[in-house]
Amino acid sequence: MTAAGTHQLRQREFVHLADIKPRSNTFIAWERRRHRQAHWLVECIAEFMGVFFYVYAGVGSTASYLLSNVAQLTGLGSLFQIGVAYAFGILFALVVCAPTSGGHFNPAITIAFTLLKRCTPKKAVRYIIAQILGAYVACLLIYVQWKDLIDEATAVLASEGKLDAVMFTSNGPAGVFALYLTPGVSHGRVFLNEFVCDFVIGLVIWSCLDPTNFSAPPVAAPWIVAFVYAVVVWGYSPVGVATNAARDVGSRLMALTIWGMDAGGGSYAAITALTNIPATLLAVAFYEFILADSSRVVTPAHADFLAGHLAHEEHSQGVIRGHSTSPSFDEKAQEQTIERV
């Protein structure tokens with residue numbers, strides 16, 4: 001029985017992939033083990049790959065822009081291209097990996113879910129480690145793929161006597177990966193820039209997670225999130241903006257691996273690594289207390305989305321709807337699934 005004022009997700013028949021496309025016994029055995037024993041590993045791999053997509057696209061585009069400028073080449077990139085690349089990287093991450101892990105791809109989002117009891121502390125630690133590793137590996141691969149041009153740009157700066165002054169700045173080869181303070185910009189201004197941008201991103205993300213938001217159905221949410229990142233890159237990256245602690249810490253560790261402690265970034269590194277977290281948490285609190293309203297109705301698209309997740313959860317655990325041993329199973333499963341989503 002449901003309490004007064006609450007409603008069940010509407011019942012409907014779902015067709016599972018296994019119903020129309022039977023898999024081999026090997027895959028069936030693996031899926032059974034994955035659902036019951038290795039689900040945490042699969043989810044962490046999805047978080048790793050999601051951040052990998054995002055960083056590989058965005059930092060790769062940044063490499064073509066910055067290195068071509070240093071090497072005095074033309075036509076290899078632009079700020080607009082970088083924004084588009086980050087947007088599509090985020091879009092690919094959400095489309096490919098979010099169905100498996102929930103699509104956090106950002107330590108601040110993971111921490112927010114943990115504080116709201118929608119993610120366990122153990123899972124949060126695993127996710128954050130996986131996210132940072134995804135950025136780290138992406139940057140290492142980009143370095144290897146672009147090494148010839150990185151060496152050429154380094155040689156050009158050395159021949160001009162500018163290598164020591166430029167190497168670990170936003171315009172130097174190391175600046176492709178790790179973030180460095182833009183010359184002439186104060187720490188206070190760059191903190192404000194980072195905080196406001198991260199707050200705006202967090203607000204848009206949380207609005208897309210609101211199942212009562214008719215303007216952001218599940219199919220459109222990846223595009224909306226991708227566009228807000230692009231807007232931030234286009235408008236505010238020249239001042240200096242990280243937007244994601246995993247992207248910043250992972251790329252910083254990669255720079256330290258290649259160039260040593262000189263690539264540390266000083267006190268600015270703390271701003272880029274940490275500001276995203278309180279800004280995002282403030283955005284979540286602002287949305288939940290000011291903009292959200294539990295009296296609104298869940299949209300039909302979100303109802304189908306949530307019901308689909310519930311059906312997947314039941315199917316993966318071998319539960320047949322209507323034959324649960326506990327009369328309250330459906331209610332509890334729905335509540336837990338909505339929390340995870």
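A donor-acceptor contact under 3.5 angstrom links the side chains of Thr212 and Asp210, judged on distance only. Using a 3.5 Å distance cut-off with no hydrogens or angles, the side chains of Thr243 and Arg247 do not pair a donor with an acceptor. At a cut-off of 3.5 Å, with distance as the only test, no side-chain donor of Gln81 or Tyr86 sits close to an acceptor on the other residue. With 3.5 Å as the limit, one finds a donor-acceptor pair spanning the side chains of Asp248 and Thr272.
The two residues Ala245 and Asn276 make their nearest non-hydrogen contact at N-OD1, 3.7 Å. The heavy-atom pair separating Pro238 from Leu79 by the smallest distance is CG-CD2, 4.1 Å. Nearest heavy-atom pair across Leu66 and Ser170 is CD1-O, 3.5 Å. Closest approach of Ala216 and Ile224 over heavy atoms only: CB-CD1, 3.8 Å. Residues Val51 and Ala135 share a closest heavy-atom pair of CG1-N, 3.7 Å. The shortest non-hydrogen separation linking Gly240 to Val190 is O-CG2, 3.6 Å.
In this structure Thr120 satisfies the side-chain hydrogen bond (donor to acceptor under 3.5 Å, both in side chains) test with no other residue, sequence neighbours excluded. Take Ala98 and apply the side chain to side chain contact (heavy atoms under 4.5 Å, CB included) test, not counting sequence neighbours, and it matches Leu94, Phe105. Under the side chain to side chain contact (heavy atoms under 4.5 Å, CB included) criterion, Asp293 pairs with Ser295, Arg296, sequence neighbours left out. With sequence neighbours excluded, no residue forms a ring pair (Phe, Tyr, Trp, His ring centres under 6.0 Å) with Phe53. Evaluation of the side chain to side chain contact (heavy atoms under 4.5 Å, CB included) rule for Leu281 yields Ile111, Ala112, Leu115, Ile277 as partners, not counting sequence neighbours. Residues that satisfy the side chain to side chain contact (heavy atoms under 4.5 Å, CB included) test with Leu157, not counting sequence neighbours, are Val70, Lys162, Leu163, Val166, Pro173.
In this structure, the separation between CD1 on Ile109 and SG on Cys119 is 11.5 Å, given to the nearest 0.5 Å. Atom-to-atom distance recorded for Leu203:CG and Thr280:OG1 is 10.5 Å, nearest 0.5 angstrom. Going from atom CD of Glu288 over to atom OG of Ser294 covers 10.0 Å, rounded to the nearest 0.5 Å. Here the CG-OG1 distance, from Leu192 to Thr275, works out to 10.5 Å after rounding to the nearest 0.5 Å. One distance of note links OG1 of Thr169 with CG of Leu181; it measures 10.0 Å at 0.5 Å rounding. Within the model, atoms CG of Leu149 and OG1 of Thr154 stand 9.0 Å from one another, a figure rounded to the nearest 0.5 Å.
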Exercise for the section: Check the pair Val137 / Phe48 against side chain to side chain contact (heavy atoms under 4.5 Å, CB included), numbers first and verdict last. Expected result: CA-CA 9 Å; Val137 172; Phe48 172 96; 3.9 Å; yes
Handout entry: Steps toward side chain to side chain contact (heavy atoms under 4.5 Å, CB included) verdict (Val55, Cys139)
Key = CA-CA 7 Å; Val55 174; Cys139 287; 3.8 Å; yes
Handout entry: Test side chain to side chain contact (heavy atoms under 4.5 Å, CB included) applied to Thr299 and His302, step by step
Key = CA-CA 5 Å; Thr299 73; His302 282 96; 2.6 Å; yes
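In this structure, Ile128 and Gln131 have side chains that are in contact, with non-hydrogen atoms separated by less than 4.5 Å. For the pair Pro107 and Asn244, the minimum side-chain heavy-atom distance is below 4.5 Å. For the pair Pro222/Ile90, no side-chain contact is recorded, criterion being any heavy-atom separation below 4.5 Å from C-beta on.
Legend: ring pair (Phe, Tyr, Trp, His ring centres under 6.0 Å) pairs involving residues 218-244, not counting sequence neighbours, sorted by first then second residue: Tyr54-Tyr229, Phe80-Trp234. Within the structure, ring pair (Phe, Tyr, Trp, His ring centres under 6.0 Å) contacts touching residues 121-149 (residues at least two apart or in different chains) are His104-Tyr127, Tyr143-Trp259. Contacts classified as salt bridge (Lys or Arg N to Asp or Glu O under 4.0 Å) and involving residues 39-56 (residues at least two apart or in different chains) are given here: Glu43-Lys123. Sorted by first and then second residue, the salt bridge (Lys or Arg N to Asp or Glu O under 4.0 Å) pairs with a member in residues 138-147 read Lys147-Asp151; sequence neighbours excluded. Pairs engaging residues 178-195 under the side-chain hydrogen bond (donor to acceptor under 3.5 Å, both in side chains) rule: His187-Ser267 [sequence neighbours left out].
Ring-plane geometry between Phe92 and Phe88 is classed as tilted, the angle between the planes lying from 30 to 60 degrees on a 0 to 90 degree scale.
Both Leu41 and Phe52 belong to a single network of hydrophobic side chains, linked directly or stepwise wherever heavy atoms of I, L, V, M, F, W or Y lie under 4.5 Å apart. Residues Val156 and Ile150 fall into different hydrophobic clusters, defined by Ile, Leu, Val, Met, Phe, Trp and Tyr side chains chained together at heavy-atom separations under 4.5 Å. No path of Ile, Leu, Val, Met, Phe, Trp and Tyr side chains, each step under 4.5 Å between heavy atoms, connects Val219 with Val228, placing them in separate hydrophobic clusters. In this structure, Leu256 is not a member of the same hydrophobic cluster as Leu274, with clusters built from ILVMFWY side-chain heavy atoms closer than 4.5 Å.
The closest donor-acceptor contact from the side chain of Arg252 to the backbone of Leu179 lies under 3.5 Å. Looking only at distances, no side-chain donor or acceptor of Ser61 sits under 3.5 Å from a matching main-chain atom of Gly58.
Within a 6.0 Å radius of CZ in Phe195, more than 12 heavy atoms belonging to other residues, nucleotides or ligands are found.
Phe199 has its ring centre no less than 6.0 Å from the ring centre of Trp206.
Its side chain within the 4.5 Å cluster rule, Phe214 clusters with Val297 among the Ile, Leu, Val, Met, Phe, Trp and Tyr residues.
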